[in-house]
Amino acid sequence: MSLAPDVLPSAGQVRAADPAQVRAAASAARSTQRQLDRQLRALSANASAWAGPARVAASTRHTEICVVGDVLADALGHLAAALERVADEVDAARHLLAHADLLCGQAGGHVTDVGGIVGLLDPGVESVIRATVLEARRRYAGSALAVRQVQVPRWWSPGEASGGALPPTAEDVVALGSGESTGLRIPEDLAPHALATWFAALPVTVQGALIARQPDAVAAAEGLPAWAHDSANRLRLAQATHAAVAALQAATTAALASPTPIDDLGLGALRDRVADLEAVTEVVQRQDGHERQLLTLDLTGRRVAVAVSTGDVDHAGQLAVFVPGFTVTPATHLRGYDARVTAASDLAGSIDRAWGAGAGVVGVTWLGYAAPQVDEVLSRSRSVAGRAPATAGAARLRTFLDGLAASRETAQGATAPDVTIWAHSYGSLVAGTMLAADRGEVTPVRAVVALGSPGMGVSDPRQLGLPLSEIFVAEAELDPVAELGVFGSDPGHWQGVVRLETEARQLPDGSFGVAGRGHESYLTPESTSAWNLAVIAAGRPDLALARWRRDEPRVLRLRDPACRP
Amino acid sequence: MRLQVDIDELLALGQRWVELGSSPPVTRDALAAALRSLPGALPGVAPLPEGATAPPWCHVLDAWSSAITDHGAALTRSADAYRVADDRSRVARTGSS
C-alpha cells in the first residue's frame, strides 16, 4: 500500500493505537465462535424416537439451522484470524516508530505527533529516522487490510425478496408431513463458474436449505464452495451408511435362510460398501486438530469414491492433491493415506510459514476415481495394465480441480488456489493423462510430482504442459514399479525434469531426513521424500533435495537381496 | 390411524431448542462491544470495513438464535397439534364403540 505522507495516519495516531484492544476483539470473536460450536454440539445431540414424515420435515429444518450455524462459526473464526493479523501489523508499526523515537532521542531530538523531527543535534541520522517514521505510518495505515476479506454471512429474513427462493420457516414445521418444497433447485445447465456465482449470491439461510433438502444435487454441483460440498456429503455419508448397514443386515439374514451359497448373494459387495463408508466416517471425524472437509463422496461405483481435505480448502493458499494408484479403496487405504497426507501437508504448512508466502497449505487425499483392483487385471476395460481406468480417472480429476478453481475465483473474489499434484504409482498415469489432455491450459496445476511412477502416459515430459522445472520425479530404492516405464517413457529417464532425492540426507531446516525404501515409502513422515513433497507444495522447490545420478546402474536396485522374498 | 409420535419427546425437544436459542448471549454482547471499540483502538485507520463492525454480526447472530428458538416453538406447537389430534381420535373411537 503506498499512500502519500499527507494522507497517512500521523505518528501520534500510531502511538495512540491499541493493539491489545484489537486482540481483545479477536478473542471475543473466538469466544463467540466457541459458543456457537457448543450450541451446534448440543443441537446435534438431539436424538429422537418419533418417526414418519413429520420427523423428516423437522429434521430437515434442524439440519438447515445447523449448516447455517457452521457457516457462522467459520466466519467468526475468519474474523478472529483477521483481527489477530491487524494487531500484529499495528504492533510492527509501533515497534518501528519506537525505534525511530529511540534513534531520534539518541541524537538529541524527538519525533512530533504529526511526524516531524525537531531538535536533532546530528543531522546525519535525519533521513534514516524520517524513512523509519514514514514506514511505520504506512504499515499502520495498511494494518486493516486483513479485515477487508472478512465477509459476514448474509441472512435472509421473511418478507425480503430472494428471487422466488424462500427458505423454510417455522410454519414449514407446523405443516409437518405435508411434503412441501421451497421450489428452489440447483440449476443443471450452468458451468462451474456461473454456478459458483449463483450460489454465492444466495443468503446463507437459503444455502443451508438447499444443502439440507437437496444434498445429492449440492454434492454433484462442481463450482460450489468446499464447505457446501462438505456439509452435503456429511449428510449423504450418514444416510448412505445407515442404508448400507441395513441392507447388509437384511441380506445376511436372507442368506442364512437361503439354500443358495452366501457368496452368490452379493454379500461381498455390501460388506465392501459398509467398510468403505465406515473408513470415510472414521477419517472425517478424526479429532486431531484438522478441520477436514469431505469434498467428494461418489456412491455410484463398485467402490466408494472419496476426496478428503486436511483443512479449509476455501481459504487455503496452496493445495497438495494426492492421487493414489492400483488396489486403492477407502476401506483399505484411506485411513493410512489421510494420516500421511496430513503429516506431509502440515510440514508444507510450516515451511510455508517459515520460508514461503504464508498463505497456508492444505492436503487433499483424492480417491476420487475407480482405481483398478487386483480382481480386474484380466478385464480389458479395468485392468491396471491398460489406460482405461486412468483415462476415466483423469476426467474426474480435471472436473474436481476445475470445480475448486471456479469456486475460488468467482465466489470469493480470490484467485484460484496454487495446486500441486502428488501422484503415486498408477495415479501418476491418471495425473499425466489429465495434464497431457489439456496441456495445463484449463486445469490450474502448478507442479506435479510423480512418485514410483510406471509412466505418466507420455513419452516426453513437455507433453504435460507444465514447465520442466515444475515436473518432479521420485524413485525410491527397492521400488520395482518405478522401473517399469510401461506407460510412455520412464519418467526416471526424462531429461530436464527434477529427480528428487529419496535417500537419508541432512535437510535445509537442520533436521535429518530418513531414507525411503519400496513403493509405499514416499510419504513416510520425517523422510527426505516427504520433505521434498512438502517444499514443492509450499512453493519453495528450491529447497528440494535433487538427485541426479543418471549413470547409476538402476537395474542393480532390483537385484538387491533385500528385495527378494 | 396410529400416530408414530412420542409427544412427550417432541415437547422436550422443542423446549430444549427454545432454551438453546434463548440462552444469554454473553459472547454476542462482548463481541459487539469489542468491535465497537475498534475505531478508538485504531485512530486514523477508520472507517473499518463492514465485516469488522458490530451491526452485521449482531444481526446475523440474533437471527441464528431466533431460528433456533422459532424451530423449538414450532416443534412445541406441532406436539400440541398432535396431542389434540390424538385426543380427538380417541374420543372418536370411544364414541363409535
Side-chain angles (χ1 to χ4, degrees), chain A residues 8-10 13-14 16-22 24-25 27-29 31-32 34-36 39 42-43 46 48-52 54-55 58 61-62 65 68-69 72 75-76 79 82-83 86 90 140-141 143-144 147-155 157 169-174 176 204-205, chain B residues 3-10 12-14 16-17 19-21 23 25-38 40-53 55-57 59-75 77-79 81-82:
Chain A
L8 287 173
S10 68
Q13 287 172 320
V14 179
D18 186 357
Q21 211 162 345
V22 181
S27 175
S31 295
T32 310
R34 282 195 292 273
Q35 188 188 31
L36 251 66
Q39 279 184 314
L43 295 176
N46 279 329
S48 177
W50 48 295
R55 182 174 184 246
R61 176 67 179 151
H62 179 163
I65 292 170
V68 172
L72 281 182
L76 283 163
L79 172 65
L83 289 172
V86 172
V90 173
Y140 177 67
S143 65
V147 286
R148 285 193 186 169
Q149 304 296 325
V150 175
Q151 290 185 336
V152 187
R154 203 157 53 84
W155 197 274
S157 301
T169 64
E171 283 65 38
D172 283 354
V173 183
V174 175
L176 292 168
V204 65
T205 41
Chain B
L3 290 172
Q4 289 182 289
V5 177
D6 181 332
I7 294 171
D8 289 338
E9 188 190 356
L10 188 53
L13 197 61
R16 181 160 175 68
W17 276 67
E19 285 170 5
L20 278 168
S23 58
V26 176
T27 55
R28 177 262 198 218
D29 291 347
L31 175 65
L35 290 177
R36 287 193 191 102
S37 76
L38 281 180
L42 297 166
V45 174
L48 291 170
E50 192 189 22
T53 61
W57 287 105
H59 172 68
V60 78
L61 288 167
D62 290 346
W64 193 66
S65 293
S66 294
I68 298 172
T69 308
D70 290 349
H71 185 49
L75 290 172
R77 284 198 300 275
S78 300
Y82 272 121

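To find a chain, count down the sequence lines: A is the first, B the second, and so on, and within it residues start at 1.
Looking at Val90(A), only its side chain comes within 4.5 Å of chain B, counting heavy atoms on both sides. Proximity to chain A (any heavy atom under 4.5 Å) is shown, for Leu31(B), by both the backbone and the side chain. If you measure heavy-atom distances from Ile65(A) to chain B, the contacts under 4.5 Å come from both the backbone and the side chain. Residue Ala75(A) touches chain B through both its backbone and its side chain, counting heavy-atom pairs closer than 4.5 Å. Of the two parts of Leu76(A), the backbone and the side chain both hold a non-hydrogen atom closer than 4.5 Å to a non-hydrogen atom of chain B.
Heavy-atom pairs under 4.5 Å with chain A were tallied for Ala52(B), Pro43(B), Pro56(B), Ser37(B); the largest tally goes to Pro43(B). Highest contact tally toward chain A, considering only Gly44(B), Gly51(B), Pro49(B), Ala41(B), is held by Ala41(B) [criterion: heavy-atom pairs under 4.5 Å]. With chain B as the partner, the residue from Leu79(A), Leu83(A), Val150(A) showing the most heavy-atom pairs under 4.5 Å is Leu79(A). No other option in Ala24(A), Ala29(A), Ala144(A), Gly69(A) has as many heavy-atom pairs under 4.5 Å with chain B as Gly69(A).
Proximity of Thr53(B) to Val152(A): side-chain heavy atoms (C-beta onward) are nowhere separated by under 4.5 Å. Counting heavy atoms from C-beta outward, Leu61(B) and Leu36(A) have side chains that approach closer than 4.5 Å. Side-chain contact check for Val86(A) versus Leu38(B): every heavy-atom pair is 4.5 Å or farther apart. Side-chain contact between Trp57(B) and Thr32(A): absent, with no pair of heavy atoms (C-beta onward) separated by less than 4.5 Å.
The minimum heavy-atom distance linking Gln35(A) with Arg28(B) is given by the pair OE1-N, 4.4 Å. Contact between Trp64(B) and Val68(A) at its shortest, heavy atoms only, is CD1-CG1, 3.7 Å.
For the atom pair NE2 of His62(A) and CG of Leu75(B), the computed distance is 9.5 Å after rounding to the nearest 0.5 Å.
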